[in-house]
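Here's the structure we're looking at; comments come further down.
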There are 2 protein chains.
Amino acid sequence: MLQLSKKVEYGLIALRHMAMNPRGQVFAAKEIAVKFDISYELLAKVLQKLTKAGVVISTQGMHGGYSLAKKPNELRVSSIISVIEEERPTIAECYAEGGEDCSIFNACTIRKPLGKMQHNLNLLLENTTLEQIV
Amino acid sequence: MLQLSKKVEYGLIALRHMAMNPRGQVFAAKEIAVKFDISYELLAKVLQKLTKAGVVISTQGMHGGYSLAKKPNELRVSSIISVIEEERPTIAECYAEGGEDCSIFNACTIRKPLGKMQHNLNLLLENTTLEQIV
DNA sequence: GTAATATAAGACTGGAATAGTCGTATTTAT
DNA sequence: ATAAATACGACTATTCCAGTCTTATATTAC
Ligand code: SF4
Ligand code: SF4
C-alpha cells in the first residue's frame, strides 16, 4: 500500500551508490548486485531503463558498466520512478495518463478532492532529489 | 504504484457521503453501494472495519445502517487507511510494524534517507481530513 | 411469531501486478 | 579467440487485490 516497488528501490540504491563515488566512475551491474545482495538480472533491467532515459550512461563490453549521467541534485525521485515504472506515480488510477477507465469515474465524488493530495505527492517526489538520498 | 486501494477509495466515498448529510443520519450499505455503483459486499466489509474502529456507528436490523461517529475534521486520511488496510501506510515495507524482514535490510543504504519521505508522507496523510475531502 | 431487511464475518475465486529467472545476442578489452 | 560486460525479451512463480458467495445474527414491521 503506497509502497515503492522493489525495482524502484533497487534503482535508488544503485544510483545512490554511483552518486557517492567520483563522477564518471563506471560500475558493473553485477558488482552492485553483489554488493547490495539484490538480483542481478532485475537490477540489470532497471539500469537498462535508466540508460534509455539518459539517467545513467552505459558502456558495453569488458570493463563496461554504468555511470551517472546527471548531477545528484538534478535527479528527482519523481522522474526516477516515472522511468522505472514507465508511468508517473499516482495516488489513484484516474490521475494516470488516459486514466478515465475507472469503472466508477462518473459517480466518483472524491476524485476532485484527491487532486490536492496528488498535487502534494507530486511536490514531495519532485522536491526529493538523489542528493538528499545520499 | 503508490495508489490507494479500491477499498480505501470506497471507504472515503462512503464517509464523504455521510459527512455531506446531517449528523447522525444512517445510511444502509446497499443504498450507498447502489448510489455510487460499487460492490455492495466489498463496501459492507469496509464499513464493518470502520465500525470496529469506531469511525462509524452501525445499527443492525431493519432500517439499520451506518452513521458517522466523529466530526469530519477529526477524521484523518491516515487513520482511515490504517483502519481499512489494517496497517499504517508506508513507503517501504521496513517502515511497517515488524518490517525488518526485508531480505536486504542490512545491506540497504536508502532506508534512512527514505525516512524523510516517509515522514513527509505521514504529514500529508495526517493533515488531510475528511472535511477536506468534502 | 414470521417475514423482511439489515449488519457480521469469513471463506473462496479469478485476475492482475510484481518479483525474479532464463536464454540468447551483442559489444569490447585483452 | 576468449572473457566480461550490456541488451532484450520471454518465461515463471508468487503475492496481492477485487470481487463474490455463504451463513449467521439482529431488528423492525406486520
Ligand atoms: S475516479 Fe474516483 S474511484 Fe476512480 S480512480 Fe479516480 S478517485 Fe479512485
Ligand atoms: S530495507 Fe531498504 S530495500 Fe528493504 S524495504 Fe527498507 S528501504 Fe526498501
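Excluded from the calculations below are hydrogen atoms, water molecules and symmetry mates; all remaining heavy atoms, backbone and side chain alike, are included. Just so it is clear: chains get the letters A, B, ... in the order the sequence lines come, proteins before strands, and each one is counted from 1. Quantities reported herein were computed from a predicted structural model and do not represent experimental measurements.
One can place CG of B:D101 at 15 Å from P of C:dA19, the figure rounded to the nearest angstrom. Atom CD of A:E86 is separated from atom C1' of C:dA17 by 14 Å (rounded to the nearest Å). Computed from coordinates, the A:H63 NE2 to C:dT27 C1' distance equals 14 Å when rounded to whole Å. Separating the CD atom of B:E9 from the P atom of D:dA18 is a distance of 9 Å, rounded to the nearest angstrom. Across the protein-nucleic acid pair, A:I84 atom CD1 and C:dT18 atom P stand 13 Å apart, rounded to whole Å. A:L2 has its CG atom 16 Å from the C1' atom of C:dA17, to the nearest Å. The interatomic distance linking A:Q3 (CD) with C:dA19 (C1') rounds to 14 Å, in whole Å. In this structure, A:Y10 places its OH atom 11 Å from C1' of C:dT18, rounding to the nearest Å.
Between B:F27 and A:E85, the residue whose closest nucleotide on DNA chain C is further toward the 5' end is B:F27. Nearer the 5' end of DNA chain D, as judged by each residue's closest nucleotide, is the contact made by A:Q60, out of A:Q60 and B:M62.
If you check residues 30-56 of chain A against DNA chain D, the residues with a heavy atom closer than 4.0 Å are A:Y40, A:K45, A:Q48, A:K52, listed by number.
Distance alone, capped at 3.5 Å, places no donor-acceptor pair between the A:T129 side chain and the A:R76 backbone. Put simply, the side chain of A:R88 never gets that close to the backbone of A:N122: no donor and acceptor are under 3.5 Å apart. With hydrogens and angles disregarded, no donor-acceptor distance shorter than 3.5 Å links the side chain of A:K49 to the backbone of A:V83.
Side-chain nitrogen and oxygen atoms of A:Y66 include none within less than 4.0 Å of the OP1 or OP2 phosphate oxygen of D:dA5. Within the 4.0 Å cut-off from OP1 or OP2 of C:dA6, not a single side-chain nitrogen or oxygen of B:T59 is found.
Nearest heavy-atom pair across B:L43 and B:A29 is CD2-O, 3.6 Å. Between A:E97 and A:E87, the closest heavy-atom pair is OE2-CA, 4.3 Å. Scanning all heavy atoms of the two residues, the minimum distance from B:I91 to B:Q118 falls at N-OE1, 2.8 Å.
Salt-bridge check for B:E93 with A:K6: passed, with a basic side-chain N closer than 4.0 Å to an acidic carboxylate O.
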